[in-house]
There are 2 protein chains.
Amino acid sequence: MPAPPGEPDATRGAQPPAGRNLLFLREEELRLAQDLLFFGYRDFTAGADAILADLNMGRAHHRVLHFVGRRPGITVGELLGILGITKQSLGRVLTPLVEDGYVVQRPGRADRRQRLLQLTEKGAALERRLFDRQRETVMRAYREAGPQAVEGFRRVMRGLMGEEARAALDSLGGPPAPAEPR
Amino acid sequence: MPAPPGEPDATRGAQPPAGRNLLFLREEELRLAQDLLFFGYRDFTAGADAILADLNMGRAHHRVLHFVGRRPGITVGELLGILGITKQSLGRVLTPLVEDGYVVQRPGRADRRQRLLQLTEKGAALERRLFDRQRETVMRAYREAGPQAVEGFRRVMRGLMGEEARAALDSLGGPPAPAEPR
DNA sequence: ACGGAAACGTCAATGATGCTGACCCATACA
DNA sequence: TGTATGGGTCAGCATCATTGACGTTTCCGT
């Protein structure tokens, strides 16, 4: 039941169009955006949350697995910067992940104070499981919406971010890892 | 610095294109979606969170203000359904909001067991303040991305939702309130 | 008119996620 | 040698959400 292309059904109870380029900024549309983000994000995370609950973990654990998997060899400090949380908050999640064998730390080569983080096989397997669950959700949404909508989605989401988040995002997709051979 | 139109920059480190319509479902693109949702949602809520913190409130309070404002006269049960939380969780947020004069409850006319919720002036003022903060964020994103991207954003976000959320969403934009005159 | 069920409220306990403040250790570097 | 940095940890606190168990009021079908 893919939505009909073209016409946004989001312009409900509106005055007659008065510019089509300003129109889309009206209040109801912005409230709709709030609704969309709330429901969309909640359901996006719901599948993974269920898996995590069985393992006595939460969303925070998933985020660590996700970003460590995305950037193997990431330092604790970089991870803190990406997540935007405190050392203590990260510690309470990261320490158990290491103890339970999902993540390994090895000292940095250039700077031995650093702890470079990596997923173990076990960690990678769990991350993959969580990813696959979300993949279904996202793929369905992407397929229903079509490639052009996906591109629009990306642009809007990026626009919602502050400078820091944009930089972090770019750093994730870009360089796979800054040297540091094993 | 609006992103260059057309080319998704999300197709990094890719094999040569093999369909362009299947291509956009590849793993890296799905991981990018995870990143976008995490950063985007976080920064979207950040502004309102800051205001709320000063008032010793949290996101949950905002959600109540938002949905009560969006649907004046909503019952507690409907609100529970929309938020997807338990009665107890709602109570801990709603009771203080009523005590502090942000929300009023009046018994239902047709069914006096119900408590119909409404914002007071004070509540509407706070909701407006929170809304305005998020409005800036969303407007910037919408403007940078353009109307077509906005439409795509809407379609994808909607696609992320489950059946229930879609129904709830539709009920929000649609009928302003089911009768029940004061 | 009676009894079950629905709508709402509330008490108690628990868990996950985050915060601040205060330390500590090991390493890097001037 | 002395300070700064990367990382870890302890204690205490707040928010948000959970489950389970009751209690009250009101509705409605038999």
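Note that the coordinates shown come from a computational prediction; the quantities given were computed from them, not determined experimentally.
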To the nearest Å, how far apart are [X] [atom1] and [N] [atom2]?
{"X": "B:Asn56", "N": "C:dG18", "atom1": "CG", "atom2": "P", "answer": "20 Å"}
{"X": "A:Leu80", "N": "D:dT9", "atom1": "CG", "atom2": "C1'", "answer": "14 Å"}
{"X": "B:Glu78", "N": "C:dC8", "atom1": "CD", "atom2": "C1'", "answer": "14 Å"}
{"X": "B:Ile74", "N": "C:dA7", "atom1": "CD1", "atom2": "P", "answer": "14 Å"}
{"X": "B:Asp111", "N": "D:dT24", "atom1": "CG", "atom2": "C1'", "answer": "14 Å"}
{"X": "A:Leu79", "N": "C:dG18", "atom1": "CG", "atom2": "P", "answer": "11 Å"}
{"X": "A:Leu52", "N": "C:dG15", "atom1": "CG", "atom2": "C1'", "answer": "14 Å"}
{"X": "A:Leu94", "N": "C:dG18", "atom1": "CG", "atom2": "C1'", "answer": "16 Å"}

Problem - Along DNA chain C (nearest heavy atom to each residue), the more 5'-positioned of A:Arg113 and A:Leu90 - result: A:Leu90

Handout entry: Earlier contact from the 5' end, DNA chain C, for A:Met57 and B:Val76
Key = B:Val76

Handout entry: Near-ring test B:Tyr41/A:Phe38, centroid separation under 6.0 angstrom
Key = no

Answer with yes or no whether [X] presents, from its side chain, a donor or acceptor under 3.5 Å of a partner atom in the base of [N].
{"X": "A:Gln105", "N": "D:dG7", "result": "no"}
{"X": "A:Arg92", "N": "C:dG18", "result": "yes"}
{"X": "A:Lys87", "N": "D:dG6", "result": "no"}

Practice task
Using atom types as modelled and distance alone, determine if a side-chain donor or acceptor of B:Arg71 lies under 3.5 Å from a backbone N or O of B:Ser171.
Solution key: yes

Problem - Single-linkage hydrophobic cluster, 4.5 Å side-chain cutoff, B:Phe67 and B:Val98 together - result: yes

Phosphate OP1/OP2 of [N] contacted by [X] side-chain N/O (<4.0 Å):
{"X": "A:Gln114", "N": "C:dA26", "answer": "no"}
{"X": "A:Thr86", "N": "C:dC19", "answer": "yes"}
{"X": "A:Arg109", "N": "C:dT27", "answer": "no"}
{"X": "A:Arg63", "N": "C:dG18", "answer": "yes"}
{"X": "B:Ser89", "N": "D:dC16", "answer": "no"}
{"X": "A:Thr95", "N": "D:dT9", "answer": "yes"}
{"X": "B:His61", "N": "D:dC16", "answer": "yes"}
{"X": "B:Arg112", "N": "D:dC27", "answer": "yes"}

Exercise for the section: Verify the distance criterion only: is there a donor paired with an acceptor across the side chains of A:Thr75 and A:Arg115 at less than 3.5 Å? Expected result: no

Practice task
Return yes if a side-chain donor-acceptor contact under 3.5 Å exists between B:Asp49 and B:His62, otherwise no.
Solution key: no

Practice task
Mind checking B:Gly91 for me? I need base, sugar-phosphate or nothing, with any heavy atom below 4.0 Å counting as a touch.
Solution key: nothing

Completion exercise
Here the pair of heavy atoms bringing A:Ala48 nearest to A:Arg133 is N-CG, 3.9 Å

